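Here the structure comes first, spelled out in structure tokens, and everything after it is commentary.
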Amino acid sequence: MNNAKMWLVVKPTVGVPLFLTAVAVGSFAVHVSVLRNTTWLPQFLSGGAAMEQAALSPSAVVPTGGNATVVFDGVQQVGTSQQAVVVLPDGRTARVVFDAPAVIDGTKTALLQ
Amino acid sequence: MNYDPDKVWPSGLTIGEAEELHRHIIDGTRVFGFIAVLAHILAYVYTPWFG
């Protein structure tokens, strides 16, 4: 409580709104920078998980002919590596992380022979 | 305006008033901090933050 005497210098009608506005602006700026600099927050806010499930309904991509299907669903790890989902003939899925920096379009599926 | 020796300028508050106001400011800041800690815990639990 050693800063209380600041109110002998700063009028509360000026200092209090200024203080609250500064906290609000600062908090807003942090949210904007996290939204801009991460991949998980935008995906989370746009229902990334739900979209991932929808895009991956097993009936749509379950391969025929006994091979596995790889779906590049656009979910990307922070940094260079790209993720994809392998769908096995029995419908089970596994998420794989590719080390190669080349990013493949997220919507294609590649049949593994 | 009658002269009050306890009033301190430029803001014109007394020391007691300044300390009372500051107590509210500090309490409010603590509540804000508590809410922020709670929000970060929820973000850590429910979002892919930190894997």
Side-chain angles (χ1 to χ4, degrees), chain A residues 1-53 55-56 73-79 81-85 95-97, chain B:
Chain A
M1 277 285 283
N2 49 9
N3 292 314
K5 291 190 173 57
M6 68 178 279
W7 303 111
L8 303 178
V9 179
V10 178
K11 276 181 178 272
T13 49
V14 172
V16 171
L18 206 61
F19 176 71
L20 297 180
T21 304
V23 170
V25 167
S27 169
F28 185 75
V30 167
H31 283 84
V32 166
S33 74
V34 170
L35 196 56
R36 280 226 185 98
N37 295 299
T38 65
T39 54
W40 61 268
L41 186 55
Q43 279 161 19
F44 178 74
L45 295 180
S46 58
M51 240 172 26
E52 188 178 309
Q53 292 314 324
L56 250 182
D73 56 358
V75 174
Q76 201 141 343
Q77 204 138 348
V78 176
S81 51
Q82 181 186 19
Q83 293 189 26
V85 179
R95 178 161 288 280
V96 295
V97 176
Chain B
M1 202 172 77
N2 48 359
Y3 174 67
D4 178 351
D6 291 331
K7 281 191 187 293
V8 178
W9 300 94
S11 75
L13 270 69
T14 65
I15 291 184
E17 287 165 342
E19 285 185 349
E20 181 196 357
L21 170 63
H22 202 60
R23 217 170 296 120
H24 288 302
I25 299 272
I26 297 292
D27 287 346
T29 306
R30 283 197 182 116
V31 169
F32 179 90
F34 174 72
I35 293 173
V37 165
L38 187 63
H40 282 82
I41 290 171
L42 293 176
Y44 178 75
V45 169
Y46 289 111
T47 70
W49 183 26
F50 285 126

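Keep in mind the model is a prediction, meaning the values are calculated, not measured.
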Exercise for review: Can you measure from CZ (Phe44(A)) to CH2 (Trp49(B)) and round to the nearest 0.5 angstrom?
Suggested key: 12.5 Å

Point to revise | Segment of Val23(A) engaging chain B (4.5 angstrom heavy-atom cut-off) | key: side chain

Exercise for review: Check each atom of Thr14(B) against the heavy atoms of chain A and say whether the ones under 4.5 Å are side chain, backbone, both or neither.
Suggested key: backbone

Study note, to complete from the structure: Turns out that what part of Ile25(B) lies under 4.5 Å from chain A's heavy atoms comes down to side chain

Are side-chain heavy atoms of [X] and [Y] found at a separation under 4.5 Å?
{"X": "Thr29(B)", "Y": "Phe19(A)", "result": "yes"}
{"X": "Val16(A)", "Y": "Leu21(B)", "result": "yes"}
{"X": "Trp7(A)", "Y": "Glu17(B)", "result": "no"}
{"X": "Lys5(A)", "Y": "Glu19(B)", "result": "yes"}
{"X": "Leu8(A)", "Y": "Ile15(B)", "result": "yes"}

**Study point:** Minimum heavy-atom distance Ala18(B)-Ala4(A), with the two atoms named
**Key:** CB-O, 3.5 Å

Point to revise | Heavy-atom closest pair, residues Ser11(B) and Val10(A) | key: CB-O, 3.8 Å

